[in-house]
Chemist: 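Could you have a look at this structure, given as structure tokens, before my questions?
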Amino acid sequence: MRLMTTAILSALLCSGSVAQSPEKPALTAVYTYADVADLALAAKLVAHVKIKRAKKLPKALAQGVPAGVTRYIITADVVALVRGDEGIDPRVTYLVDVATDSRALGSLVSKGEVFIFAHPGRPGEVQLVAPDAQLPWSAETADMVRKILRDSVKPSAPPPVTGIASAFFNPGALPGESETQMFLESGRPVSLTIVRTPDQSVNWFASLGDSVADGRLPPRRNTLLWYRLACFLPVTVPDAVLSDQSAESAAAIRADYAVVMAGLGPCKRARKTIQRAGG
């Protein structure tokens, strides 16, 4: 979706009425680490802005907007640029889609402060990475955004993971002893190791290349490595990955992978988004 020309936007902003505040002020939604990471990692430009004007886009110009969703033209002043090599104009205009019953509506009509996740556009305009790529500002969200962006540019940052490439099971010399290794589909080497010992304890960890992450412990929740694994790995091992394994080895690999998924826990998202940004 391309933003409209500055002339059209200016004409729309100068006509019609500003959205009115609801009878009951909307509460700030609570967004998860995955919500923030989806947007922050997809954006070339992340900014903290204060909304100056919020106007509904006329239906004639809001083709394709789903029922129950309203598209707004937002004019906002930039409070702080968090990410953006090319810089940003002090005042920007953009389009955002908001569910008509969304708590986020309160930020628009009350001229609140929000984070926007976008790509640069024409002078004075930006294009959000998803129709709803705007989150209410809070100190907690600000800390989370900055940490995700810092972690993503470290040399040791885990790359995006898209699936499981291969898996191998090695029974140990003692009863109850075994090791499963799983190599993931990724831009750089990422693997999982699940170790069982004769005392029936199970330990698993992730490795990035030759380096073991988190000291042979599972990745901590709400970290970039956790996000890459919990939010993008399949729920179970695909049959194709186990096609060359014996029935016994395949069963053991599936059981070990279930340990990993249980340790990661669910990747929860609060955004009710039309088009999810991720990456």
Side-chain angles (χ1 to χ4, degrees), residues 1-10 13 31-54 72-97 104 107 112-162 186-188 190 208-209 211 213 222-228 231-232 269 271 273-279:
M1 176 189 69
R2 293 292 299 171
L3 283 178
M4 290 174 288
T5 64
T6 302
I8 295 176
L9 282 171
S10 297
L13 289 167
Y31 293 93
T32 69
Y33 183 95
D35 289 322
V36 178
D38 284 344
L39 296 174
L41 297 173
K44 293 181 180 178
L45 188 156
V46 179
H48 169 196
V49 304
K50 181 174 177 58
I51 294 172
K52 301 298 291 184
R53 290 190 294 272
Y72 286 85
I73 307 169
I74 304 296
T75 299
D77 289 338
V78 176
V79 178
L81 178 63
V82 181
R83 178 184 210 177
D85 293 340
E86 300 178 17
I88 189 172
D89 292 307
R91 175 167 288 187
V92 294
T93 301
Y94 58 92
L95 301 179
V96 64
D97 288 0
S107 295
E113 297 184 26
V114 298
F115 276 108
I116 56 171
F117 304 86
H119 297 314
R122 293 183 176 90
E125 299 178 17
V126 297
Q127 181 178 356
L128 300 188
V129 298
D132 65 336
Q134 171 183 277
L135 301 181
W137 185 93
S138 69
E140 181 181 3
T141 302
D143 289 343
M144 190 181 297
V145 168
R146 289 184 170 87
K147 185 175 189 312
I148 289 169
L149 293 176
R150 285 196 306 268
D151 290 347
S152 70
V153 297
K154 291 179 179 177
S156 59
V161 170
T162 58
S186 183
R188 300 199 312 273
V190 181
L208 304 175
S211 301
N222 293 346
T223 61
L224 191 55
L225 178 57
W226 170 86
Y227 167 78
R228 297 295 196 196
C231 299
F232 297 98
R269 291 178 168 100
R271 284 173 64 219
T273 180
I274 305 157
Q275 174 185 332
R276 188 177 302 274

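Residue indices begin at 1 and follow the sequence shown. Atom set for the values below is all heavy atoms of this structure, side chains included, hydrogens, waters and symmetry mates excluded.
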Chemist: Counting C-beta onward and ignoring hydrogens, is there a side-chain heavy-atom pair between L81 and L45 closer than 4.5 Å?
Modeler: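 Yes, at least one pair of side-chain atoms sits under 4.5 Å.
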Chemist: Between R188 (side chain only) and G209 (backbone N and O only), is there a donor and an acceptor less than 3.5 Å apart?
Modeler: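 Not a single qualifying donor-acceptor pair exists.
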Chemist: Compare all side-chain heavy atoms of Y94 with those of V49 and state whether any distance is below 4.5 angstrom.
Modeler: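 Sidechains of V49 and Y94: in contact.
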Chemist: Could you tell me whether K147 and D143 have a side-chain N and a carboxylate O separated by less than 4.0 Å?
Modeler: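 The answer is no: the pair does not qualify as a salt bridge.
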Chemist: Out of curiosity, I74 CD1 to I116 CD1, how far, rounded to the nearest 0.5 Å?
Modeler: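 That separation rounds to 10.0 Å.
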Chemist: Whether the side chain of R83 engages the backbone of A40 through a donor-acceptor N/O pair (distance < 3.5 Å, no angle test) should be reported.
Modeler: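 Such a contact is found between R83 side chain and A40 backbone.
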Chemist: Kindly indicate whether the side chain of L39, heavy atoms from C-beta on, has any atom under 4.5 Å from the side chain of R271.
Modeler: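 L39 vs R271: side chains touch.
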Chemist: Do you know which two heavy atoms are closest between C231 and A34, and how far apart they sit?
Modeler: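 Between these two residues, the closest heavy atoms are SG-CB, 3.9 Å.
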Chemist: Could you pull out all residues at least two apart from T32 that satisfy side chain to side chain donor-acceptor pair (under 3.5 Å)?
Modeler: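 Counting only residues at least two positions away or on another chain, T32 forms a side chain to side chain donor-acceptor pair (under 3.5 Å) with D35.
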Chemist: Would you say that L224 contacts S152 through its side chain, given a criterion of any heavy-atom pair below 4.5 Å between the two side chains?
Modeler: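 In short, these two side chains touch, coming nearer than 4.5 Å.
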Chemist: Under 4.5 Å between any side-chain heavy atoms of P159 and V190, yes or no?
Modeler: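 Of all side-chain heavy-atom pairs linking V190 with P159, at least one is under 4.5 Å.
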Chemist: Just to verify, which of L95, D97, V96 counts as forming a side-chain contact (heavy atoms from CB on, under 4.5 Å) with Y72?
Modeler: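 Answer after filtering L95, D97, V96: V96.
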Chemist: Specify the closest pair of heavy atoms between R228 and P158, including all atoms of both residues, with the distance to one decimal.
Modeler: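 Shortest heavy-atom contact: NE-O, 3.2 Å.
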Chemist: For a 4.5 angstrom cut-off between non-hydrogen side-chain atoms, does V153 reach L149?
Modeler: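 They are not in side-chain contact.
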Chemist: Just how far is it from atom CD1 of I148 to atom OH of Y227, taken to the nearest 0.5 Å?
Modeler: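 It is 8.0 Å, given to the nearest 0.5 Å.
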Chemist: Minimum heavy-atom separation for V46 and A43, please, with both atom names.
Modeler: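 That would be CG2-CB, 3.9 Å.
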Chemist: What is the distance from atom CH2 of W137 to atom CD1 of I51, rounded to the nearest 0.5 Å?
Modeler: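 W137 atom CH2 to I51 atom CD1 measures 14.0 Å (nearest 0.5 Å).
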Chemist: What pair of heavy atoms forms the shortest contact from T223 to Y33, and how long is it?
Modeler: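 Reported closest heavy-atom pair: C-OH, 3.2 Å.
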Chemist: Can you list the steps and then say if F117 with L135 is a side-chain contact (heavy atoms from CB on, under 4.5 Å)?
Modeler: CA-CA 9 Å; F117 304 86; L135 301 181; 3.9 Å; yes
Chemist: If I take atom CD from residue Q127 and atom NZ from residue K44, how far apart are they, to the nearest 0.5 angstrom?
Modeler: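 Separation between the atoms: 10.5 Å.
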Chemist: Indicate the atoms forming the closest heavy-atom contact of P136 with Y31, along with that distance.
Modeler: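 Heavy-atom minimum between the residues: CD-CE1, 3.5 Å.
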Chemist: Who pairs with R91 by side-chain contact (heavy atoms from CB on, under 4.5 Å), at least two apart in sequence or on another chain?
Modeler: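 If we apply the side-chain contact (heavy atoms from CB on, under 4.5 Å) test to R91, skipping adjacent residues, the hits are K52, R53, T75, D77.
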Chemist: Which atoms form the tightest heavy-atom contact between A47 and I88, and what is the distance?
Modeler: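 Scanning both residues, the minimum pair turns out to be CB-CD1, 4.1 Å.
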